[in-house]
**Student:** 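Sending over a structure as structure tokens; questions will come in a sec.
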Amino acid sequence: MSKTDTSEKLMEKIVSLCKRRGFIFQSSEIYGGLGACYDYGPLGVELKNNIKTAWWNAMTREHENIAGIDAAIMMHPKTWEASGHVASFSDPLIDDKTSKIRYRADHLIEGYIKQLEKKGKTDEAKRVSEEFVKAQNSEDMTKALYELIMKEQIKSPDSGAFNWTEVRQFNLMFSSKLGAVAGDAGIVYLRPETAQGIFVNFHTVRESARMKIPFGIAQIGKAFRNEIVKGNFIFRMIEFEQMEMQYFLKPGTQMEAFDMWREKRMNWHIERLGIKPENLVWYQHEKLAHYADAAYDIKYKFPFGTEEIEGIHSRTDFDLRRHQEYSGKNMMYSDPETKEKYIPYVVETSSGCDRNFLMVLCDAYTEQIEDGEQHVILKLKPELAPVKAGIFPLTKKDGLPEVAEKLYHDLKRHFKVQYDDAGSIGKRYYRQDETGTPFCFTIDHDTLNDQTVTVRYRDTGAQERLNLSQVKAFLTEKLS
RNA sequence: GCGGAAGUAACUCAGCUGGUAGAGUCACAGCCUUCCAAGCUGUUGGUCGCGGGUUCGAGUCCCGUCUUCCGCUCCA
């Protein structure tokens, strides 16, 4: 069996487990499903909340200079002009009908111009290049690009054919109309990233939270992208959740902060999410986005490939400067001690919550062969586990259920616990293993005599006796 | 959006050349069980993705459509 076969099987197993046990469901499945949209089920929402809490606590509670916000998904349309999303968050695409390969229309023309230059046809290149600029600035850019390709008879670099579809525009932002106003005036977008909600609130948060530079603003929230390519389960969705922090600092100090946040964020994944260090890798961007002066991604070795789960980017003062330009409002910071005034630089840590979720699942998924039977264990970090403990009476007789129920009721106010008396004890342990419950407490006949219960560990199957009265303290200790 | 493959129970799948829907698992109820998926009995659950066509009759053949998976393209 090839490696890819195994990997595909592994993803299939995880997807299947997610459906069967209530982690993730396909959105609106009874109608045939909606592409790249998923619902979190009863266990999924618990796990996701635990991941979000782990992030929120690590960022805001453990850093006195980071404050949290929860900004609206819809923002003033000018926000997206300032951020550059209206202009550059869309791609004009064209298909070669012969080779079935898709190109970006603007890249195609750029390539053509370069070729002309190479061949020494400088005048020709200059002329096309001028027309290219004109086309890009024209009102109907899509049509203008198409006409230019037709006029110059630009051939497909791949097949050499001249057999194109029309140029189509794919804007990755979802738009809607605000109120009853028709026309462009009322257009609003669903945010394609959460960061802008932080930038526009720079001053309001700084003042109300009494922050001095350097300080950060953290946010967890949904963002939306009308992706052309979707897939890999919840890895690339059109509606997704980001966990993001923008750290504002004095220009010149950004590399120091950048290195600090790189280290902190990598450690968070290892220590707080319990990810195996060997499955995480750094990736340095060579081609930087228009706003960045340094960019690293943390990637995880998913079964389907090594893919990004978090970006740590040094965004310079691009965003605040642009908002100052477009809004006309002053985005400068006045240093209370040195009296210096400047637009702060920003280091951003931006992590995909759903990608973290998938990573946690993939990393925890373990198969063990026991007595020839395959046994699936989700070795989740106890803090992240959707259910912290299972409470079982060994049998349904002799007053055992009553004792178990009492323990369950005592614990449920403090921890997410489950009571189960169905089927054999082994089956109940297995059920909990498969959903990552780290501990099970079993009430047996000895409990009636000496007030002790069995605690059984998920990862090893090992058992210990514990006094009934110590169960709560045991869980508190193990989960802190 | 293009090419390839596929859609039958909550999950994994079977259903031969068209003849009125099946298995295992799961779930639920009961019996039985003194610690790792035991066994027995019963129950719930499918207009076979959706729409049309051919036919006396379609899960099965034809057309359309939607969705998923794999490639291509793109990724702030």
Side-chain angles (χ1 to χ4, degrees), chain A residues 4 8 11-13 15-22 25-37 41 83-85 88-105 107-108 158 165-168 170 172-173 192-196 223 225-233 236 242 244 285 287-292 295 297 304 307-308 311 313 315 318-319 348 350 368 370-376 392-398 400 422-434 440 442-448 453-456 458 461-463:
Chain A
T4 5
E8 275 172 29
M11 269 316 284
E12 276 171 28
K13 285 179 193 167
V15 170
S16 171
L17 174 70
C18 280
K19 278 191 201 170
R20 199 157 32 88
R21 290 303 186 190
F25 308 121
Q26 171 85 60
S27 164
S28 31
E29 197 173 23
I30 61 166
Y31 290 104
L34 181 61
C37 290
S83 71
H85 284 87
S88 68
F89 208 59
S90 70
D91 302 321
L93 299 179
I94 189 166
D95 290 319
D96 174 359
K97 285 192 266 190
T98 305
S99 68
K100 310 291 182 198
I101 289 177
R102 166 168 292 178
Y103 297 92
R104 270 182 63 164
H107 288 180
L108 201 61
D158 182 70
T165 61
E166 300 252 316
V167 176
R168 281 173 305 249
F170 288 91
L172 299 188
M173 280 198 291
E193 64 174 24
T194 51
Q196 300 306 323
R225 287 182 198 174
N226 200 356
E227 300 278 0
I228 310 160
V229 177
K230 312 171 258 254
N232 276 328
F233 197 36
R236 184 171 280 116
Q242 294 187 309
E244 192 168 80
H285 285 232
K287 200 178 141 200
L288 294 171
H290 57 72
Y291 55 73
D297 292 340
F304 48 83
E307 297 283 355
E308 177 185 351
H313 299 169
R315 289 178 82 126
F318 176 85
D319 299 279
E348 155 189 275
S350 175
Q368 287 178 3
E370 278 171 20
D371 303 326
E373 291 246 39
Q374 198 176 64
H375 194 109
V376 172
F392 312 144
L394 187 57
T395 71
K396 272 194 251 188
K397 296 188 300 194
D398 308 329
L400 299 183
S424 73
I425 191 76
K427 198 171 198 167
R428 284 176 265 164
Y429 285 144
Y430 178 73
R431 242 195 298 255
Q432 297 296 338
D433 285 347
E434 208 182 26
C440 291
T442 301
I443 277 65
D444 59 18
H445 293 85
D446 289 342
T447 311
L448 304 177
V453 297
T454 300
V455 52
R456 181 260 191 190
R458 175 194 66 198
Q463 300 193 346

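So you know, we letter chains A, B, ... as the sequences are listed, proteins then strands, and number each from 1.
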**Student:** Counting only N and O atoms by type, is there a donor-acceptor contact under 3.5 Å from the side chain of A:Q368 to the main-chain atoms of A:V376?
**Tutor:**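 No, A:Q368 side chain to A:V376 backbone: no donor-acceptor pair under 3.5 Å.
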**Student:** How long is the line joining CD of A:E12 and P of B:U12, in whole Å?
**Tutor:**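 Rounded to whole Å, this separation is 9 Å.
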**Student:** Go through B:C35, B:C11, B:U34 for me and flag the one nearest to the A:K19 side chain.
**Tutor:**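 Nearest listed nucleotide: B:C11.
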**Student:** Polar-atom pairs under 3.5 Å, protein N or O versus N or O of nucleotides 23-31 of chain B: list them with distances, or write none.
**Tutor:**
residue, atom, partner, partner atom, Å
B:A27, OP1, A:R431, NH1, 2.1

**Student:** With rounding to the closest Å, how many angstrom separate the C1' atoms on B:G49 and B:A37?
**Tutor:**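 Roughly 33 Å separates the two C1' atoms.
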**Student:** Rounded to whole angstrom, note down the C1' distance from B:C40 over to B:U47.
**Tutor:**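 Rounded to whole Å, the distance is 34 Å.
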**Student:** Identify, between A:Y429 and A:Q242, the residue whose nearest nucleotide on RNA chain B lies closer to the 5' end.
**Tutor:**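 Closer to the 5' end of RNA chain B: A:Y429.
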**Student:** Can you measure A:E434 atom CD to B:A10 atom C1' for me and round it to whole angstrom units?
**Tutor:**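 Spelled out: CD on A:E434 to C1' on B:A10 is 13 Å.
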**Student:** Taking atom P in both B:G45 and B:G22, compute the distance separating them and give it to the nearest angstrom.
**Tutor:**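 It works out to 15 Å between them.
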**Student:** Does any donor-acceptor pair link the side chain of A:R236 with the base of B:C75 at a separation under 3.5 Å?
**Tutor:**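 Pair found.
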**Student:** What residues form a salt bridge (Lys or Arg N to Asp or Glu O under 4.0 Å) with A:E193, not counting sequence neighbours?
**Tutor:**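 A:E193 satisfies salt bridge (Lys or Arg N to Asp or Glu O under 4.0 Å) with A:R315 once adjacent residues are dropped.
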**Student:** Which one, B:C35, B:U33, B:U12, comes nearest to the side chain of A:S16?
**Tutor:**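 Shortest atom-to-atom distance from the side chain points to B:U12.
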**Student:** Report the distance from atom CG of A:L108 to atom P of B:C74, rounded to the nearest whole Å.
**Tutor:**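 So the two atoms are 11 Å apart, to the nearest Å.
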**Student:** Provide the distance between the two C1' atoms, one in B:C48 and one in B:A58, to the nearest whole Å.
**Tutor:**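 Looking at atom C1' only, B:C48 and B:A58 are 11 Å apart.
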**Student:** Distance check needed: B:C36 C1' versus A:L394 CG, whole Å only.
**Tutor:**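 The distance from CG of A:L394 to C1' of B:C36 comes to 11 Å, rounded to the nearest Å.
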**Student:** Run the side-chain hydrogen bond (donor to acceptor under 3.5 Å, both in side chains) check on A:T194 and A:Q242 step by step: do they pass?
**Tutor:** CA-CA 7 Å; A:T194 51; A:Q242 294 187 309; 3.1 Å; yes
**Student:** Round to a whole Å and report the spacing from CD of A:Q26 to P of B:U67.
**Tutor:**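 Those two atoms, CD and P, are 10 Å apart.
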**Student:** For the residue pair A:F392 and A:Q432, establish whether any side-chain heavy-atom pair is separated by less than 4.5 Å.
**Tutor:**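 In contact.
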**Student:** Would you kindly give the CD-to-P distance between A:E308 and B:C75, to the nearest whole Å?
**Tutor:**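 Going from CD in A:E308 over to P in B:C75 covers 13 Å.
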**Student:** Just the rounded figure in Å: distance from C1' of B:C36 to NE2 of A:H375.
**Tutor:**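 Spelled out: NE2 on A:H375 to C1' on B:C36 is 7 Å.
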**Student:** Quick one: salt bridge (Lys or Arg N to Asp or Glu O under 4.0 Å) partners of A:E434, sequence neighbours excluded?
**Tutor:**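 In terms of salt bridge (Lys or Arg N to Asp or Glu O under 4.0 Å), with neighbours along the sequence ignored, A:E434 is linked to A:R20, A:R21.
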**Student:** Closer to the 5' end of RNA chain B via nearest nucleotide, is it A:T442 or A:E193?
**Tutor:**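 That would be A:T442.
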**Student:** Take atom CD1 of A:I425 and atom P of B:C32, then tell me their distance rounded to the nearest Å.
**Tutor:**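 Distance, rounded to whole Å: 17 Å.
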**Student:** Would you state whether a donor and an acceptor, one from the side chain of A:R456 and one from the base of B:C36, lie under 3.5 Å apart?
**Tutor:**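 Yes, the side chain and the base share a sub-3.5 Å donor-acceptor pair.
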**Student:** Atom CG of A:D444 and atom OG1 of A:T454: how far apart are they, to the nearest 0.5 Å?
**Tutor:**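 These two atoms lie 5.0 Å from each other.
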**Student:** Among B:C75, B:A38, B:C36, which nucleotide sits nearest the side chain of A:S424?
**Tutor:**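 Side chain of A:S424 sits closest to B:A38.
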**Student:** Strictly distance-based, threshold 3.5 Å: is any side-chain N or O of A:R456 a donor or acceptor partner for the main-chain N or O of A:C440?
**Tutor:**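 A pair under 3.5 Å: no.
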**Student:** Which heavy atom in A:A295 sits nearest to a heavy atom in A:H313, and how many Å separate them?
**Tutor:**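 Shortest heavy-atom contact: CB-CD2, 3.5 Å.
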**Student:** So which atom in A:P192 and which in A:H85 form the shortest heavy-atom distance, rounded to 0.1 Å?
**Tutor:**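 Looking at all heavy atoms of both residues, the shortest contact is CG-CD2, 3.6 Å.
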**Student:** Of all residues at least two apart in sequence or in a different chain, which pass the salt bridge (Lys or Arg N to Asp or Glu O under 4.0 Å) check with A:D297?
**Tutor:**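 Scan of A:D297 (salt bridge (Lys or Arg N to Asp or Glu O under 4.0 Å), adjacent residues dropped) gives none.
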**Student:** Under the side-chain hydrogen bond (donor to acceptor under 3.5 Å, both in side chains) rule, collect the residues that match up with A:D398, sequence neighbours excluded.
**Tutor:**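 A:D398 satisfies side-chain hydrogen bond (donor to acceptor under 3.5 Å, both in side chains) with A:H445 only.
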**Student:** For atom P, what is the distance between B:U41 and B:C32, given to the nearest Å?
**Tutor:**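 To the nearest whole Å, 16 Å.
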**Student:** What integer number of Å spans the P atoms of B:U17 and B:C61?
**Tutor:**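 8 Å, rounded to whole Å.
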**Student:** By the 4.0 Å heavy-atom rule, please label A:R428 as base, sugar-phosphate, or nothing.
**Tutor:**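 Nothing, no heavy atom under 4.0 Å.
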**Student:** Dot-bracket for RNA chain B, please. Rules: Watson-Crick or G-U, both distances under 3.5 Å, ( ) within the strand, [ ] when a pair crosses earlier ones, | for another strand, . otherwise.
**Tutor:** (((((((..((((.....[..)))).(((((.......))))).....(((((..]....))))))))))))....
**Student:** What's the gap between B:U67 and B:A27 when it is taken at their C1' atoms, as a whole Å value?
**Tutor:**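 After rounding to an integer number of Å, I get 26 Å for this pair.
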**Student:** Please state the P separation for the pair B:C70 and B:U34 - nearest whole angstrom.
**Tutor:**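 After rounding to an integer number of Å, I get 48 Å for this pair.
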**Student:** Which nucleotide sits closest to the side chain of A:Y430: B:C35, B:A37, B:A38?
**Tutor:**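 The closest nucleotide is B:A37.
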